[in-house]
Trainee: 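Next up is a structure, given as structure tokens.
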Amino acid sequence: MGEVLKDKYGNKLGEIVQEGRYLVIKDRYGNKLGSYDGQYTRDKYGNILYQGNMLARLIP
């Protein structure tokens with residue numbers, strides 16, 4: 001179990017979990033939205049989006 005992200009009403013929006021050396025963000029249904037490799041935040045297709053950990057920005 002990782003870090004659970006919630007809205008102001010306490011509803012789960014997503015979760016950040018450790019998978020090997022990566023941090024991975026998943027939506028409330030468990031679908032992968034992106035990952036962070038220690039240097040770049042990438043989308044679910046592996047495209048670089050940001051430098052640094054910006055996983056929370058991938059929550060719709």
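Note that the coordinates shown come from a computational prediction; the quantities given were computed from them, not determined experimentally.
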Trainee: Leu55 versus Val24: any side-chain heavy-atom pair under 4.5 Å?
Mentor: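 No, side chains not in contact.
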Trainee: Between the side chain of Glu15 and the main-chain N/O of Gly2, is any donor-acceptor distance below 3.5 Å?
Mentor: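 Yes, Glu15 side chain to Gly2 backbone: donor-acceptor pair under 3.5 Å.
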Trainee: Tell me, do Leu5 and Ile16 make a side-chain contact under 4.5 Å, heavy atoms counted?
Mentor: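 In contact.
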Trainee: So with a 6.0 Å cut-off around NZ of Lys12, is the heavy-atom count from everything else above 12?
Mentor: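 Counting neighbours around NZ of Lys12, more than 12 heavy atoms of other residues, nucleotides or ligands fall under 6.0 Å, so yes.
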Trainee: Quick one: does Lys26's side chain get under 4.5 Å of Glu19's, heavy atoms only?
Mentor: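 Yes - at least one pair of side-chain heavy atoms lies under 4.5 Å apart.
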Trainee: Do the side chains of Leu13 and Lys6 get nearer than 4.5 Å, heavy atoms only?
Mentor: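 They are not in side-chain contact.
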Trainee: Using 0.5 Å steps for rounding, measure from the CG atom of Asp43 to the NZ atom of Lys32.
Mentor: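 It comes to 9.5 Å.
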Trainee: Verify the cluster assignment for Tyr40 and Leu33: are they in a single hydrophobic cluster under the rule of side-chain heavy atoms below 4.5 Å apart?
Mentor: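 No; tracing contacts between hydrophobic side chains, which count when under 4.5 Å, never links both residues.
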Trainee: I'd like to know if the side chain of Tyr36 and the backbone of Gly38 have a donor-acceptor N/O pair within less than 3.5 Å.
Mentor: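 Present.
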Trainee: Taking the side chain as C-beta and beyond, is there a heavy-atom pair between Ile59 and Ile25 under 4.5 Å?
Mentor: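 A side-chain contact under 4.5 Å exists here.
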Trainee: Of all heavy-atom pairs between Thr41 and Met54, which one has the smallest distance, and what is that distance?
Mentor: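 For Thr41 and Met54, the tightest heavy-atom pair comes out as OG1-N, 2.9 Å.
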Trainee: Is it the case that atom CD in Gln51 sees more than 12 heavy atoms from other parts of the structure closer than 6.0 Å?
Mentor: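 Check fails, neighbour count at 12 or below.
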Trainee: Less than 4.0 Å between a side-chain N and a carboxylate O, is that true for Asp37 and Arg42?
Mentor: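 Yes, this pair counts.
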